[in-house]
Participant: 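Got a structure for you, questions after.
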Amino acid sequence: MRRWRAAAAVIAAVALIAVLPLVRGFLPMPRKQRAEERPFGGVVTVWVAATWRPGAGGFTAWVSRQARAFEKENRGVWVDVRAIEPQAAALALADPDAQLPNVLLWGSGLLSSPEGALLPLEGGGGVRPELQGTGAWSGQCYALPIAQGGHALVVNREMAAAANLPSGAGAEALFSARYAAPAGKGARAGYALHAPSTPYASGLPAALSMGASASSLPPDFHRLSWTDAFAEFALDRRAAVFSGTAYEAQRIGVLRARGGAFEYEVLVPPQSGDLLLMGSVCLPGRAAGEGASREAGERAASLSGFFLGRLLCPEAQAALREVGAFAAAEAPALYGAENAPFAGMERGLAGVSPQNVFASAQRSLALYKAVSGASSASQAAERVRADFPY
C-alpha cells in the first residue's frame, strides 16, 4: 500500500507539472470572453462543503443557479453540483486514495493545508483587496474567496433598555451589564453563547474579542448546543445578547415579521469577517479518476478555472443577496435600508482583513479541542484566553 501511495503521489506530481502551464493565468477570466476563448464540451464536478450558513437559503442552491447559467453560456459543458457534509469532505481530502471533485467550494476551517489536494491559482478574480491573500500557502494562492459571512451580536433591545443601555451601546457595556429576565423565567446569563459544536466555526472568538468573560458565562456553556442557546435567546428570552452570525440575525428578523420576536439590533464584532466560502481547483490526478487521460485532466482543470471566474462575476456576486451572504469581489452594496441589519453588517465587513483560511483552520481545531475537553465553562474560557488571546 505504501508503494502504491508513493507511486500515486509521483503520478499526481507529474500531472500537476503538466497542467500548471495551462492553468496559470486563467483567473480572473472575463465575464464575456471572446467566442474562440470559451470552453467547448466537458464536465465539471463541484462539491459544496460549507462550514457555516448564510443568512437565508443555502450556498448549494446559489451555486446550482450559477452552474445552469454557465452551461447556457458554454456549449456542451455540464456542471454537476453536489452538497457534501464538511466531515465527509475532510475525510476525502485527507485520504490520498479518495477521488475529489474538479472544483471544491469550502468553508472556513475545513482545510489546514492545500498539499496533495489543490492546484495553485493565479489572478485575483476581482476579489476585494482586504480578502486577497486569505487563500495563500507558501507564497502561492490555492483558494479564492467566493463569498463572505459575518459574526454578529444580536441584542434584545427590550432587555438592554431595561438595563439602561441605549441603542448602539458598545460590546463591553453589553457584556458587563446586569439583565433582568422576563417575569416567570429564570435568568441564565447576560448573553447566550454556545461552545463550538464542530472544529470549523464558532462565535466564541468573536465574543471573546468583544469582552466576554469567564465570570459571566453560563455554568454549562462548554456543553451548550447552538439549538439550546438560540432557543434561550429567541424563544425563551432568557438572555439579552446572542453571539452568532448573519444566519441568526436573519432568523430573528423572520420571527419578528411574524409577530413572534422582539425589538432587536445587530452589532458587528471586530473579528467578524473570518467566515469565508473559498473556491479551489483540485489536482487533476485526484479529480479525474482512474483511466482518465492527461488531456481530460487538463480540460477539466481549465473548465474549473472558467467556472470559478463565473462565480466571481458581477451577476453571481449580486445574487448572493438571495442567500444572505456578502460579496467577495468588488461590487456595489448588496443591502440597503430595506434590510438594515445586513446593511450594517456589510458596512462593518468593508476593509476588515480576515485571517488566512489555512492558519484559521489550524486555530479553529485547537480551539475546538480546548473547549470540548474542558470540565467547566470557566476552564474553557481561561484555556481560550491563554492560548488564543484577542
Participant: Kindly determine whether Arg251 and Val154 satisfy side-chain contact (heavy atoms from CB on, under 4.5 Å), including the steps that lead there.
Facilitator: CA-CA 11 Å; Arg251 292 194 66 182; Val154 189; over 6 Å; no
Participant: Could you pull out the closest heavy-atom pair between Gln99 and Ala287, with the gap in Å?
Facilitator: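 Smallest heavy-atom distance, with atoms named: NE2-O, 3.4 Å.
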Participant: So how far is it from Phe230 CZ to Tyr247 OH, rounded to the nearest 0.5 Å?
Facilitator: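 Between atom CZ of Phe230 and atom OH of Tyr247 there are 7.5 Å.
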Participant: How many angstroms lie between CG in Leu144 and CG in Leu276, if you round to the nearest 0.5 Å?
Facilitator: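 Those atoms lie 11.5 Å apart.
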Participant: With a 4.5 Å cut-off on side-chain heavy atoms, are Asn339 and Gln250 touching?
Facilitator: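 Yes. Closest side-chain heavy atoms under 4.5 Å.
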Participant: Counting distance only, does the side-chain N/O of Glu130 pair as donor-acceptor with the main-chain N or O of Ala350 below 3.5 Å?
Facilitator: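 Between the backbone of Ala350 and the side chain of Glu130 there is no qualifying donor-acceptor contact (under 3.5 Å).
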Participant: Taking atom NE2 of His151 and atom CE of Met345, what is their separation to the nearest 0.5 Å?
Facilitator: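 If we round to the nearest 0.5 Å, His151:NE2 and Met345:CE are 9.0 Å apart.
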Participant: Report yes if the side chains of Pro129 and Glu330 come closer than 4.5 Å at any heavy-atom pair, otherwise no.
Facilitator: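 A side-chain contact exists here, since the closest heavy-atom pair is under 4.5 Å.
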Participant: Any side-chain heavy-atom pair from Leu165 and Val155 closer than 4.5 angstrom?
Facilitator: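 No, their side chains stay 4.5 Å or more apart.
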Participant: Going through the distances and angles, do Phe70 and Phe306 end up as a side-chain contact (heavy atoms from CB on, under 4.5 Å)?
Facilitator: CA-CA 9 Å; Phe70 186 71; Phe306 274 85; 3.8 Å; yes
Participant: Could you tell me whether the side chain of Thr45 and the main chain of Asp80 form a donor-acceptor pair under 3.5 Å?
Facilitator: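 A pair under 3.5 Å: no.
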Participant: Look only at the side chain of Arg128 and the backbone of Ala327, and say whether a donor-acceptor pair between them is shorter than 3.5 Å.
Facilitator: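 Yes.
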Participant: Quick check on side chain to side chain contact (heavy atoms under 4.5 Å, CB included): which of Val77, Asn74, Val46, Val281 does Phe307 satisfy it with?
Facilitator: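 Of the listed options, the one satisfying the test is Val46.
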Participant: Do the ring centers of Trp106 and Phe59 come within less than 6.0 Å of each other?
Facilitator: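 That pair fails the under 6.0 Å test.
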Participant: At their closest point, which heavy atom of Ala316 faces which heavy atom of Gln66, and how far apart are they?
Facilitator: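 For Ala316 and Gln66, the tightest heavy-atom pair comes out as CB-OE1, 3.3 Å.
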Participant: Step by step, would you call Glu71 with Arg68 a salt bridge (charged side-chain N to carboxylate O under 4.0 Å, His left out)?
Facilitator: CA-CA 5 Å; Glu71 290 170 345; Arg68 302 294 80 80; 2.9 Å; yes
Participant: Verify side-chain contact (heavy atoms from CB on, under 4.5 Å) between Asn356 and Thr134, making sure each step is shown before the conclusion.
Facilitator: CA-CA 4 Å; Asn356 175 279; Thr134 52; 5.7 Å; no
Participant: If you round to the nearest 0.5 Å, how far is SG of Cys282 from CG of Asn102?
Facilitator: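 Atom-to-atom, Asn102:CG and Cys282:SG are 7.5 Å apart.
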Participant: Closest heavy-atom contact between Leu121 and Gly279?
Facilitator: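 Between these two residues, the closest heavy atoms are CD1-O, 4.2 Å.
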Participant: How about Phe342 and Arg321: do any of their side-chain heavy atoms sit closer than 4.5 Å?
Facilitator: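 Contact flag for Phe342/Arg321 side chains = no.
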Participant: Do Leu283 and Leu100 have side chains that get closer than 4.5 Å, going by heavy atoms?
Facilitator: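 A side-chain contact under 4.5 Å is absent here.
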Participant: Just by modelled atom types, is the Pro120 backbone N or O under 3.5 Å from a matching donor or acceptor in the Gln140 side chain?
Facilitator: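 Not a single qualifying donor-acceptor pair exists.
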Participant: Would you name the heavy atoms of Leu110 and Ala90 that are closest together and state the gap between them?
Facilitator: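 Closest approach of Leu110 to Ala90: CD1-CB, 4.0 Å.
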Participant: How many angstroms lie between CG in Leu349 and CZ in Arg347, if you round to the nearest 0.5 Å?
Facilitator: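 If I round to the nearest 0.5 Å, the distance is 11.0 Å.
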Participant: Look at the side chain of Gln317 and the backbone N and O of Pro314, then say whether any donor-acceptor pair between them is shorter than 3.5 Å.
Facilitator: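 No: the side chain of Gln317 does not pair with the backbone of Pro314.
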Participant: Between Trp137 and Ser113, which heavy-atom pair has the shortest distance, and what is it?
Facilitator: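 So the minimum-distance heavy-atom pair works out to CZ2-OG, 3.6 Å.
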Participant: Do Leu105 and Leu311 come within less than 4.5 Å of each other through their side chains, counting heavy atoms only?
Facilitator: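 Touching, per the 4.5 Å side-chain cut-off.
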Participant: Do Phe358 and Ser112 make a side-chain contact, defined as non-hydrogen atoms from C-beta onward lying under 4.5 Å apart?
Facilitator: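 Not touching, per the 4.5 Å side-chain cut-off.
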Participant: May I have the step-by-step check of side-chain contact (heavy atoms from CB on, under 4.5 Å) for Leu111 and Val357, ending in yes or no?
Facilitator: CA-CA 8 Å; Leu111 269 175; Val357 288; over 6 Å; no
Participant: Can you check whether Pro354 reaches Gln148 side chain to side chain, under 4.5 Å on heavy atoms?
Facilitator: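 The answer is yes, as the side chains (C-beta and beyond) meet within the 4.5 Å cut-off.
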Participant: Could you tell me whether the side chain of Arg178 and the main chain of Ala163 form a donor-acceptor pair under 3.5 Å?
Facilitator: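 No; judged by distance alone, with no hydrogens or angles, the pair does not exist.
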Participant: Looking only at non-hydrogen atoms, find the nearest pair between Arg65 and Val323 and report the distance.
Facilitator: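 Closest approach of Arg65 to Val323, heavy atoms only: NH2-CG1, 4.1 Å.
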Participant: Say you draw a straight line from CH2 of Trp78 to CG of Leu303; how long is it, rounded to the nearest 0.5 Å?
Facilitator: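 Those atoms lie 13.0 Å apart.
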